[in-house]
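To start, the structure itself, in structure tokens.
Residue numbers start from 1 in every chain, and the chains themselves are labelled A, B, ... in the order their sequence lines are given, proteins ahead of strands.
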2 protein chains.
Amino acid sequence: MTTTEPTPGRAATRPDGARSRARILDAAEQLLAERGYAGTGISAISRASGLPASSIYWFFQNKQDLTAAVIERSAEAWLDDLGKADLEGQPGSPLARLFGFAMDKSGATLPVFGRLAILLALELGDRDPDTLERLRKLRRRGNELVGDALEGALADLGPDLAARFGKELAPLATAFAEGGLLVAQFDDGVDPNRLGEDIEVALRAIALHRAQQETR
Amino acid sequence: MTTTEPTPGRAATRPDGARSRARILDAAEQLLAERGYAGTGISAISRASGLPASSIYWFFQNKQDLTAAVIERSAEAWLDDLGKADLEGQPGSPLARLFGFAMDKSGATLPVFGRLAILLALELGDRDPDTLERLRKLRRRGNELVGDALEGALADLGPDLAARFGKELAPLATAFAEGGLLVAQFDDGVDPNRLGEDIEVALRAIALHRAQQETR
DNA sequence: ATGCTAATGTAGTGATCACTACAGAGCGCC
DNA sequence: GGCGCTCTGTAGTGATCACTACATTAGCAT
């Protein structure tokens, strides 16, 4: 019931086929992140990609399947960025570097996958548990990367505490980042350029606070 | 062009009319907060409210008008709650009390207006500037209330700093709260019950950090 | 009780929805 | 050069979309 496979949804074999598939994914990604699932029609994706609906249904079983592919691909890109940011020897603290990469290149907005994840999770909710679970799993992988960077940022608390709170607080860190970037888009009063620094300060304080609470 | 008034959208004059209007708003509010704008059909609202579509169009001009009314009403309820929480002499710090009220009674979820605002802002975006502006204005009123509570929570920094950072950081506080509650709904690892405390610690640290940065 | 109109019921408008059937184009391989 | 399969173009499916026209019911005032 949860597995899906009526008309397999072919993979591209010829080079122009692969290009078409990518164009469809591009168009669908942009539209889904911008207007949500229900607000994005197949005809709109067809128009934006320049390919007929029959091509869309050649590569993908149905709208859900296409959406799943979009999610997967945009998450891949996001995780790649996070991974790169975590490694390269760049200036700034690990967390600040991470937020530099996490923010969209075009400005101080949520990365596409973040928008997609929040919008789809809100809109589909419990009515599409498959998609929800897919998003959960991908976010968890992101949180692991954030956790590594956070551990680095908390190094001055000592290795034990840093390791523990890096893992423990990673979801909170992404939550704050997403909330901040989200709100910054339609609410002046949140400065996205200070967010990285703010969040780092915030998490260090929270870690210290939790540590103190326990020793007492 | 921005003003809307083709078929005025009557107000209820008879008591049963008022009840019907409220039922329509109830159903629309729940569905909109759950499935978004595009995902909520008039027929679904009709079904959920038990009233025919013609009644919906008796009270409201069109779907946009109905949505605007839903936003306005749910914001009113939200601001009421925030106001009450700010005044009553209850235990806990002002901010923690605020989050107690801000969270939905049914559990640790975003209040309906918060969900509505984020979902609609994400989904409609720049394509519906009227709605966006309406949301902005209501959120600003909420931020004022949060600012007052935050000022109380930062009282130990001295009256000047408390007043300044209460106002300055209020949008960030709501952003963190919204991000946290949002993520907590589909991501374990964020404990909504600790959020109030976490955010208070976070904001105090951020305020101190900013103050220190300036005096140096 | 009668008249007025607020509110509901019924039926339908054209447009768009996701999706399909199927023929034709054009590339890849022998 | 010809065959086969991938991909595209055209056309149309029934269902649902927001919304309307209009007749009918039912509450209120006099």
Side-chain angles (χ1 to χ4, degrees), chain A residues 4-28 31-32 35-70 120 123-124 127-128 130-131, chain B residues 4-28 31-32 35-70 120 123-124 127-128 130-131:
Chain A
T4 42
E5 234 152 3
T7 316
R10 284 87 158 181
T13 63
R14 297 206 307 233
D16 59 328
R19 218 184 42 166
S20 292
R21 211 186 115 100
R23 280 205 190 147
I24 292 168
L25 284 172
D26 288 341
L31 289 170
L32 282 173
R35 304 154 121 88
Y37 183 83
T40 299
I42 297 290
S43 67
I45 297 175
S46 162
R47 216 175 306 125
S49 65
L51 289 160
S54 55
S55 292
I56 298 178
Y57 284 100
W58 174 262
F59 293 110
F60 306 96
Q61 294 177 41
N62 48 40
K63 197 181 170 186
Q64 271 201 49
D65 184 39
L66 169 57
T67 304
V70 165
L120 292 184
E123 177 183 9
L124 301 176
R127 261 164 296 105
D128 188 347
D130 283 9
T131 300
Chain B
T4 41
E5 234 153 6
T7 316
R10 284 84 159 181
T13 62
R14 297 203 311 228
D16 60 328
R19 220 185 42 167
S20 292
R21 210 186 116 103
R23 281 206 188 143
I24 292 168
L25 284 173
D26 288 341
L31 288 170
L32 283 172
R35 305 154 120 89
Y37 184 84
T40 299
I42 296 291
S43 67
I45 298 175
S46 161
R47 215 175 308 123
S49 66
L51 290 160
S54 55
S55 291
I56 298 177
Y57 285 100
W58 174 262
F59 294 111
F60 307 96
Q61 294 176 43
N62 48 41
K63 198 181 169 185
Q64 270 201 49
D65 184 39
L66 169 57
T67 305
V70 165
L120 293 184
E123 177 182 10
L124 300 176
R127 263 165 294 105
D128 188 347
D130 283 9
T131 299

- [ ] For Ala38(B), check side-chain contact (heavy atoms from CB on, under 4.5 Å) against everything at least two apart and list the hits.
- [x] Ala38(A), Glu123(B)
Task: Nucleic acid contacts - residues 36-44 of chain A versus DNA chain C, non-hydrogen atoms under 4.0 Å - done: Thr40(A), Gly41(A), Ile42(A), Ser43(A)
- [ ] Determine the contact category for Ala53(B): base if any of its heavy atoms lies under 4.0 Å from a base atom, sugar-phosphate if only primed atoms, P, OP1 or OP2 are that close, otherwise nothing.
- [x] nothing
Open item on the list: If I take atom CZ in residue Phe59(B) and atom P in nucleotide dT5(C), what distance separates them, rounded to the nearest angstrom?
Closed with: 17 Å
Task: Spacing of Trp58(A) atom CH2 relative to dT6(D) atom P, expressed in whole Å - done: 5 Å
TODO: Could you work out which one of dG9(D), dC19(C), dA6(C) sits closest to the side chain of Pro52(A)?
DONE: dG9(D)
Task: Side chains of Leu66(B) and Phe59(B) in contact at under 4.5 Å (non-hydrogen atoms) - done: no
Per-pair distances, 0.1 Å, donor-acceptor, side chain in residues 40-56 of chain B, under 3.5 Å, sequence neighbours excluded:
from	atom 1	to	atom 2	distance (Å)
Thr40(B)	OG1	Leu31(B)	O	3.2
Thr40(B)	OG1	Gly36(B)	O	2.7
Ser46(B)	OG	Leu51(B)	O	2.7
Ser49(B)	OG	Ile45(B)	O	2.8
Ser49(B)	OG	Ser46(B)	O	3.3
Ser49(B)	OG	Leu51(B)	N	3.4

TODO: When you get a sec, tell me which of dC19(C), dT8(D), dA7(C) is the closest nucleotide to the side chain of Tyr57(A)?
DONE: dC19(C)
Task: Separation of dC19(D) P from Leu66(B) CG (nearest whole Å) - done: 10 Å
- [ ] Kindly write out the residues that satisfy side chain to side chain donor-acceptor pair (under 3.5 Å) with Thr131(A), not counting sequence neighbours, or none if the list is empty.
- [x] Asp128(A)
TODO: With sequence neighbours left out, write down each residue that passes side chain to side chain donor-acceptor pair (under 3.5 Å) with Asp16(A), or none if nothing qualifies.
DONE: none
- [ ] Side chain of Asn62(B) only, please: which of dA7(C), dC7(D), dC19(D) is the nearest?
- [x] dC19(D)
Open item on the list: Nearest whole Å is fine: how far is dT8(D) P from Arg21(A) CZ?
Closed with: 12 Å
Open item on the list: If I take atom CD1 in residue Ile56(A) and atom P in nucleotide dC7(D), what distance separates them, rounded to the nearest angstrom?
Closed with: 15 Å
Open item on the list: Please report the distance, rounded to the nearest Å, between CG in Asp65(A) and P in dA18(C).
Closed with: 15 Å
Open item on the list: Any side-chain N or O of Ser55(A) below 4.0 angstrom from OP1/OP2 of dG9(D)?
Closed with: no
Open item on the list: From the set dT8(D), dA18(D), dT8(C), return the single nucleotide nearest to any side-chain atom of Lys63(B).
Closed with: dA18(D)
Task: Reading 5' to 3' through nucleotides 21-30 of chain C, protein heavy-atom contacts under 4.0 Å coded B for base, S for sugar-phosphate only, - for none - done: -----BBS--
